[in-house]
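Keep in mind the model is a prediction, meaning the values are calculated, not measured.
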Amino acid sequence: MFYIWLAIALVPMYFCELACGSRVKSFGLSVFFAFVYFVIVAGLRDDTGYDWYVYKFIYKGVSESGSLAAAISFGRDNGSELGFSVFLYALSLLGLSFWWVQFLVGIFNCYAFLRLNSVLGRGAVTGLLVYLCWLFLVLQMGVLRMSVALSFLSLALLFILKGKNVKFLLLVILASLFHTFSIVIGLLMLLARLSFPRTITLFFLFLFAVMYVAGIDLAGGVVQVVSGVMPEFVSSKLNFYLMLGLTYQRGVGEFLYKLVMVSMYVFLVFRIQQDKNEKLMLNLSYIYMIALLAFWKYPIFHDRLKYFALMPLFYLFFTIIMRMKVFNRLVCGVAFLMVSFMVLLHEVSGPLFFPYTPYYNMYERWLSGEGNDGEERTLKYYKEYDSQWLGGGQ
């Protein structure tokens, strides 16, 4: 219930923003809630979430390294990119404990979210509520290193929207120093600047939807061919991801998620205006739809794109419904809120959620001087579901 109440606390302001539109000024509330959630809840969590144990281990190894070169080598051997290893080594030289890593990452992620939300959001608290329901738990409390990369990419998105290509490129490079997949997302942002004819996009969307429903794994075959001409360190990863697809089980929840995403895209494609920013966000959403349907058997591919593409999709959705009459946008807003809470409830009630509950905060450790059972629960998770975590998270 702790995580559900975090979302419920934002609902009154969500309806206020829906009803009043641009007339309500809630940026101050957005700053307050974002700081509480990103910094106090996520940044000061104690032995809670999927990722903390791996990164605590890496931080310990980096701290004990005799030089920066040794720290980078240790990080590389344990799934950490250059930028993240240097960041950890700098903190270790200051004699800071591991909770500072989470705390500083939380502050940076909070800043990046507020920047993106203030530029693209149509309702300051609305954006936070949507983020909390769809992404917060897995990003801010599950993939620490990738959350930093995604914050850099969020800032890069703002620069590409403004046509500041040099700053965009620099931020993509910074993001790639924390997570290599950022290069792919950067290239996709450039691709999204092209003109996508609506008739052609809808045709291919329908085609991939049919292949998904029929269970045709076209993407897996293509990746298998491509992996044969890739360097060994790349092909070994691709083959590992393909192997994970052999055990993938399709379910009702997966189908409903794809149905909601594709329906939302179709809803938007007929309603956007001739605005370059709206077109770019729609194109990003389209690329994600294709990845979602083409790589249906390999979530590890489309999930990483999802972490970045979902918020632009949702921002565009609220941009469109804010143009409607009050009654219509309230109907759309209520429907979307119900779906969002279903996503959150699915997350918190899932069989893999036990590293998150009960939630522990550093203040409890500081005040009581006692630990908790977070390590025991997390190690249990790694033992049962360690395929994606032994390499240092996503």
Asks: Do any N or O atoms from the side chain of N117 and from the backbone of A124 form a donor-acceptor pair under 3.5 angstrom?
Replies: yes
Asks: For S147 and Q140, which I'm curious about, is there any donor-acceptor pair between the side chains at under 3.5 Å?
Replies: no
Asks: Parallel, tilted or perpendicular, judged at 30° and 60°: which one describes the rings of W134 and F336?
Replies: parallel
Asks: To the nearest 0.5 Å, how far apart are NE2 in H179 and CG in L144?
Replies: 11.5 Å
Asks: For the pair R145 (side chain) and S80 (backbone), establish whether a donor and an acceptor sit closer than 3.5 Å, ignoring hydrogens and angles.
Replies: no
Asks: Quick check on F206: does its CZ atom have over 12 non-hydrogen neighbours (other residues, nucleotides or ligands) under 6.0 Å away?
Replies: no
Asks: How are the rings of Y3 and Y359 set to each other: parallel, tilted or perpendicular (split at 30° and 60°)?
Replies: perpendicular
Asks: First locate atom CH2 of W100, then atom OG of S92, and finally report the distance between them rounded to the nearest 0.5 Å.
Replies: 14.5 Å
Asks: Would you name the heavy atoms of M289 and L205 that are closest together and state the gap between them?
Replies: CB-CD1, 3.7 Å
Asks: Using the six-membered ring wherever Trp is involved, compare the ring planes of F353 and Y356 and label them parallel, tilted or perpendicular (cut-offs 30° and 60°).
Replies: parallel
Asks: Kindly state whether the ring of F354 and the ring of Y50 have centres lying under 6.0 angstrom apart.
Replies: no
Asks: To the nearest 0.5 Å, what is the distance between CE on M264 and CG on L310?
Replies: 9.0 Å
Asks: Could you go through L132 and L344, starting from their C-alpha distance and side-chain angles, then the distance that decides it, and tell me whether this counts as side chain to side chain contact (heavy atoms under 4.5 Å, CB included)?
Replies: CA-CA 8 Å; L132 180 63; L344 180 62; 5.6 Å; no
Asks: Apply side chain to side chain contact (heavy atoms under 4.5 Å, CB included) to residues R323 and Q273 and explain how you reach the verdict.
Replies: CA-CA 11 Å; R323 295 174 185 154; Q273 297 180 346; 3.3 Å; yes
Asks: State yes or no: do F327 and M324 share one hydrophobic cluster built from I, L, V, M, F, W and Y residues joined by side-chain heavy-atom distances below 4.5 Å, directly or via other members?
Replies: no
Asks: Within the distance-only criterion (no hydrogens, no angle test), does the side chain of S176 pair as donor or acceptor with the backbone N or O of I173 below 3.5 angstrom?
Replies: yes
Asks: Verify side chain to side chain contact (heavy atoms under 4.5 Å, CB included) between D47 and R365, making sure each step is shown before the conclusion.
Replies: CA-CA 10 Å; D47 296 0; R365 184 182 293 267; 3.2 Å; yes
Asks: Ignoring hydrogens and geometry, is there a side-chain-to-backbone donor-acceptor pair from S154 to L116 under 3.5 Å?
Replies: no
Asks: With F74 as reference, evaluate F57, Y89, Y59 under the ring-ring contact (aromatic ring centres under 6.0 Å, His included) test and give the passing residue.
Replies: F57
Asks: Quick test of your reading of the model: are R45 and D51 salt-bridged, counting only N-O distances below 4.0 Å?
Replies: yes
Asks: Can a donor-acceptor pair be found, under 3.5 Å and without considering hydrogens, that links the side chain of S73 to the backbone of A71?
Replies: no
Asks: Mind checking whether Y265 and Y288 have ring centres under 6.0 Å apart?
Replies: no
Asks: Under 3.5 Å, is there a donor-acceptor pair between the side chain of R271 and the main chain of I320?
Replies: no
Asks: For the side chain of N361 and the backbone of E364, is there at least one donor-acceptor N/O pair under 3.5 Å apart?
Replies: no
Asks: Might you point out which heavy atoms bring G186 and F168 nearest each other, and give the distance in Å?
Replies: O-CZ, 3.7 Å
Asks: Under the 3.5 angstrom rule, does the side chain of S263 hit a backbone N or O of V260 as a donor-acceptor pair?
Replies: no
Asks: Heavy atoms, side chains only, cut-off 4.5 Å: are R76 and L82 in contact?
Replies: no
Asks: Does a sphere of radius 6.0 Å around OH in Y53 hold more than 12 heavy atoms from other residues, nucleotides or ligands, not counting ones at 6.0 Å or beyond?
Replies: no
Asks: Tell me, yes or no, whether the heavy-atom count around M1 atom CE, taken from other residues, nucleotides or ligands under 6.0 Å, exceeds 12.
Replies: yes
Asks: Given L157 and L280, is the side chain to side chain contact (heavy atoms under 4.5 Å, CB included) satisfied, shown in steps?
Replies: CA-CA 10 Å; L157 176 60; L280 189 144; 3.7 Å; yes
Asks: Determine whether the side chains of Y381 and R377 contain a donor N or O and an acceptor N or O closer than 3.5 Å.
Replies: no
Asks: Looking at K258 and E254, does any basic side-chain N land under 4.0 Å from a carboxylate oxygen?
Replies: yes
Asks: Once you measure the plane-to-plane angle for F204 and F208, does it fall in the parallel (<30°), tilted (30-60°) or perpendicular (>60°) bin?
Replies: tilted
Asks: Using only atom types and a distance under 3.5 Å, with no angle test, would you say the side chain of R304 pairs donor to acceptor with the backbone of F181?
Replies: no
Asks: Can you tell me if E81 uses its side chain to pair, donor with acceptor, with the backbone of T180 under 3.5 Å?
Replies: yes
Asks: Calculate, to the nearest 0.5 Å, the distance between atoms CG and CG belonging to L153 and L174 respectively.
Replies: 10.0 Å
Asks: Can you list everything that forms a ring pair (Phe, Tyr, Trp, His ring centres under 6.0 Å) with F38? Sequence neighbours excluded, please.
Replies: F113, Y131, F136
Asks: Residues in ring pair (Phe, Tyr, Trp, His ring centres under 6.0 Å) with Y363, at least two apart?
Replies: W366
